[in-house]
There are 2 protein chains.
Amino acid sequence: MTNIRDLAHEANVSVTTVSRVLNDHPYVAEEKRRAVKEAILKLGYIRNQTAVHLSTGRTKTIGVMLPFVDHPYHAAILQGIAKSAFEDAYRFLTWQTNYFEEHERTVLRALAQREVDGLIIVSHSLAVSEILSYEQYGPIVFCELHEYVSSVYINHYTAFCKGLTALQQLGHHRIGICLGRADSTNSRARKQAYHDLVEPNSNDWVYEQTLTIEDGTRVAEHWLSQKQRPSAIMTTSDHVAAGLIIALRKRGYRIPEDLSVIGFDGSDLAEVLDLTTIAIPYALIGQQAFSLVTRDVMNQPLQIEIPATLQMGNTAAQLPSAD
Amino acid sequence: MTNIRDLAHEANVSVTTVSRVLNDHPYVAEEKRRAVKEAILKLGYIRNQTAVHLSTGRTKTIGVMLPFVDHPYHAAILQGIAKSAFEDAYRFLTWQTNYFEEHERTVLRALAQREVDGLIIVSHSLAVSEILSYEQYGPIVFCELHEYVSSVYINHYTAFCKGLTALQQLGHHRIGICLGRADSTNSRARKQAYHDLVEPNSNDWVYEQTLTIEDGTRVAEHWLSQKQRPSAIMTTSDHVAAGLIIALRKRGYRIPEDLSVIGFDGSDLAEVLDLTTIAIPYALIGQQAFSLVTRDVMNQPLQIEIPATLQMGNTAAQLPSAD
DNA sequence: TTGTATGCGTTATCAA
DNA sequence: TTGATAACGCATACAA
């Protein structure tokens with residue numbers, strides 16, 4: 001492998017001059033610059049980035065920790081990161097953790113080992129405090145809101161409120177909600193919104209641990225088995241909404257006549273099924289997270305709220321006045 | 001940042017011994033080994049991977065070139081790669097190219113610059129020959145079939161034949177097909193299958209440039225505008241099938257009674273819409289591609305065919321005998 | 001404007 | 001079983 005020393009020899013200059021040419025630095029005589037460029041061509045030289053990394057102390061690479069790379073909204077965040085990273089000539093390493101704490105620690109270790117200059121944490125199960133203990137090795141940005149931490153986040157409380165309010169304005173007062181992972185930050189915020197706006201005490205219509213299409217089907221079973229049923233359900237994701245709707249339609253129920261359903265994400269599924277949903281600009285989250293983690297002044301945490309919007313479809317409707 | 005020299009000093013051994021301990025090499029006295037481990041703890045030492053990369057000449061990182069990280073089946077391949085990479089303690093860098101040739105060249109350059117040890121090319125628009133000119137810098141594995149090249153691939157010809165044959169067995173003989181990017185390898189194979197099995201000459205029912213849900217809607221318009229319509233359409237993706245089906249159902253047409261539709265991918269959409277589709281184990285493609293690109297003996301290209309299977313749903317049905 | 005010399009942190013060779 | 005020392009390839013302070 002030819003290196004800058006070979007180039008220097010070939011072009012009859014010093015390695016410093018070669019390095020200057022390589023990095024477009026000033027103070028190089030045009031003649032020598034040309035000589036170096038010729039040598040590069042002649043020897044077929046290609047710069048070794050690893051050496052650059054070691055020498056400069058940075059990798060121009062950031063790490064991304066997420067539970068699943070192929071879940072639509074994680075993938076959408078990833079695509080935002082990919083876009084921004086490419087534009088800034090950055091690289092990114094992705095770790096799929098499946099929410100396993102030991103996997104998440106691998107990611108943190110990578111930061112400490114200088115494999116990446118910073119970390120974007122899309123979602124995690126480790127305690128925030130443990131994660132933050134790695135901040136000494138480089139900037140860490142969350143895609144969820146945490147105190148004293150740089151984050152790009154959806155305000156799940158207000159986002160959920162948007163859906164719940166919309167349902168109430170449609171005349172619903174018996175409203176159920178789906179929640180995702182128990183005890184996750186998001187679930188807590190959503191539950192709070194529910195208690196504040198709809199049911200201060202009861203949890204009869206709170207369907208927990210719903211993440212996937214299958215979970216939506218499970219919610220349908222549960223709903224069917226209930227004597228007192230909600231007339232509307234605010235879900236955690238378009239997937240859950242889809243599973244729920246499909247299952248009920250198969251049983252002959254009509255959506256939204258028999259049950260109003262609001263999704264969450266604004267995904268392809270929402271488009272296909274014409275779901276009423278809370279649309280989230282996930283790619284934007286990725287882009288903002290990238291710009292936060294790569295900004296040069298990391299003196300203090302910065303928090304950016306990303307807006308969620310109610311997207312009208314045909315799965316939530318006025319409650320029949322008969323009710 | 002504390003380094004192995006500091007450790008050596010602290011533990012009263014040489015850097016070689018420290019390195020040996022770090023890498024679990026034999027020939028280290030138990031006593032010294034312990035001394036080094038204590039020093040590591042005391043000084044809070046963490047190994048700098050960049051230095052390891054430079055010294056060993058490899059990064060234990062592979063690169064992934066794909067057009068879009070958030071398209072379901074690309075994401076699924078990515079998730080397979082992520083899984084395998086994690087298991088083997090490898091990293092992967094992802095580049096989203098949008099099929100821009102200049103972006104694709106960036107990826108190739110990264111291989112040449114030793115940022116990655118090898119490359120998985122999920123999909124590309126550059127000429128294969130140009131890509132292969134970079135093979136001198138490291139192994140390159142394609143997720144499409146090309147001659148003389150390591151590839152993990154779906155045989156799109158036989159996969160499409162499965163769908164077409166199924167339609168014929170259902171009594172259809174007026175069959176249309178959707179194609180994706182014009183002149184792509186896959187499109188050619190699919191068109192060939194169509195000409196061999198269904199319509200040797202006519203292209204009236206060949207709908208080109210269909211990739212997205214919107215494209216499916218466009219196909220619906222086209223189909224509606226035709227005097228002579230096919231009774232069944234084999235599509236390029238579940239997305240296209242979904243767009244087509246939804247658009248037609250909105251117009252009052254019944255699927256599969258008025259038109260049989262077969263999707264492609266076996267995605268979430270297929271599940272939700274109960275599509276008859278050709279299911280592809282995309283994650284498996286990613287896993288196999290990873291194992292190919294990281295195998296140590298790269299003497300000759302290896303090609304692995306991944307099976308596609310017809311997955312029954314309710315969007316393709318027997319042609320009414322009235323027809 | 002140019003070059004020398006040193007450092008980045010590790011692994012690997014070779015001699016002891 | 002251990003240790004000096006030379007790579008690995010590049011960037012950069014400092015001197016000229």
Side-chain angles (χ1 to χ4, degrees), chain A residues 1-37 39-40 43-61 89 109-117 137-138, chain B residues 1-37 39-40 43-61 89 109-117 137-138:
Chain A
M1 195 167 11
T2 99
N3 56 29
I4 56 170
R5 240 177 307 270
D6 301 331
L7 286 184
H9 185 252
E10 175 72 27
N12 255 311
V13 296
S14 72
V15 292
T16 311
T17 301
V18 173
S19 179
R20 288 206 182 94
V21 173
L22 250 30
N23 294 294
D24 283 324
H25 281 181
Y27 303 130
V28 177
E30 203 43 56
E31 183 189 5
K32 300 209 171 186
R33 186 183 300 276
R34 199 167 38 245
V36 170
K37 297 214 166 182
I40 289 174
L43 302 185
Y45 167 80
I46 296 179
R47 201 217 235 91
N48 182 318
Q49 284 297 342
T50 301
V52 175
H53 294 163
L54 179 60
S55 190
T56 58
R58 47 203 299 264
T59 58
K60 293 264 279 177
T61 302
R109 231 172 283 131
L111 176 65
Q113 294 179 157
R114 311 284 163 188
E115 291 186 66
V116 294
D117 295 341
Y137 303 111
Chain B
M1 195 165 17
T2 100
N3 57 30
I4 56 170
R5 238 174 307 268
D6 301 330
L7 286 184
H9 186 252
E10 174 72 29
N12 255 312
V13 297
S14 72
V15 291
T16 311
T17 300
V18 173
S19 178
R20 286 207 181 94
V21 173
L22 252 28
N23 294 292
D24 282 326
H25 282 179
Y27 303 130
V28 177
E30 203 44 55
E31 183 188 4
K32 301 209 173 192
R33 186 182 301 274
R34 199 167 39 243
V36 170
K37 297 213 167 183
I40 290 175
L43 301 185
Y45 167 80
I46 296 179
R47 203 217 233 91
N48 182 317
Q49 283 297 342
T50 303
V52 175
H53 293 163
L54 178 60
S55 190
T56 58
R58 47 204 298 265
T59 59
K60 292 265 277 178
T61 302
R109 232 172 282 132
L111 177 64
Q113 295 179 160
R114 311 283 164 189
E115 292 187 64
V116 294
D117 294 341
Y137 302 110

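Please read all numbers here as calculations on a predicted model, not as lab measurements. The chains referred to below are lettered A, B, ... by the order of the sequence lines, with proteins before strands, and numbering in each begins at 1.
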**Q** Rounded to whole angstrom units, what separation is found between the CZ atom of A:R58 and the P atom of D:dA11?
**A**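 So the two atoms are 13 Å apart, to the nearest Å.
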
**Q** Do A:S55 side-chain atoms and A:A51 backbone N/O form a donor-acceptor pair below 3.5 Å?
**A** no

**Q** Any donor and acceptor pair, going by atom type alone, linking the side chain of A:H25 with main-chain N or O of A:R20 inside 3.5 Å?
**A**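 It does not hold such a pair.
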
**Q** Whole-Å distance between D:dG9 P and A:H9 NE2?
**A**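 Between P of D:dG9 and NE2 of A:H9: 17 Å.
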
**Q** Of all heavy-atom pairs between B:K32 and B:V28, which one has the smallest distance, and what is that distance?
**A**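 Closest heavy-atom pair between B:K32 and B:V28: CB-CG1, 4.4 Å.
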
**Q** Can you see which heavy atom on A:S14 is nearest to which on A:A8, and at what distance?
**A**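 Looks like C-CB, 3.7 Å.
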
**Q** Is A:T17 close enough to C:dG3 that one of its side-chain N or O atoms is under 4.0 Å from OP1 or OP2 there?
**A** yes

**Q** Which letter, B, S or -, goes with each nucleotide of nucleotides 8-16 of chain C from 5' to 3', with contact meaning a protein heavy atom under 4.0 Å?
**A** BBBBBB---

**Q** Once side-chain contact (heavy atoms from CB on, under 4.5 Å) is applied, do any residues pair with A:N12, and if so which ones, sequence neighbours excluded?
**A**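 Partners of A:N12 under the side-chain contact (heavy atoms from CB on, under 4.5 Å) test: none.
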
**Q** Within the structure provided, determine whether A:T50 and B:T59 are in side-chain contact (heavy-atom separation under 4.5 Å).
**A**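 Of all side-chain heavy-atom pairs linking B:T59 with A:T50, at least one is under 4.5 Å.
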
**Q** Please give, in whole Å, the distance from D:dG9 C1' to A:L43 CG?
**A** 15 Å

**Q** Can you tell me how far P of D:dC10 sits from NE2 of A:H53, to the nearest Å?
**A**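 Computing the A:H53:NE2 to D:dC10:P distance gives 12 Å.
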
**Q** If I take atom CG in residue A:L7 and atom P in nucleotide C:dT2, what distance separates them, rounded to the nearest angstrom?
**A** 16 Å

**Q** Can you measure B:N12 atom CG to D:dT1 atom P for me and round it to whole angstrom units?
**A** 20 Å

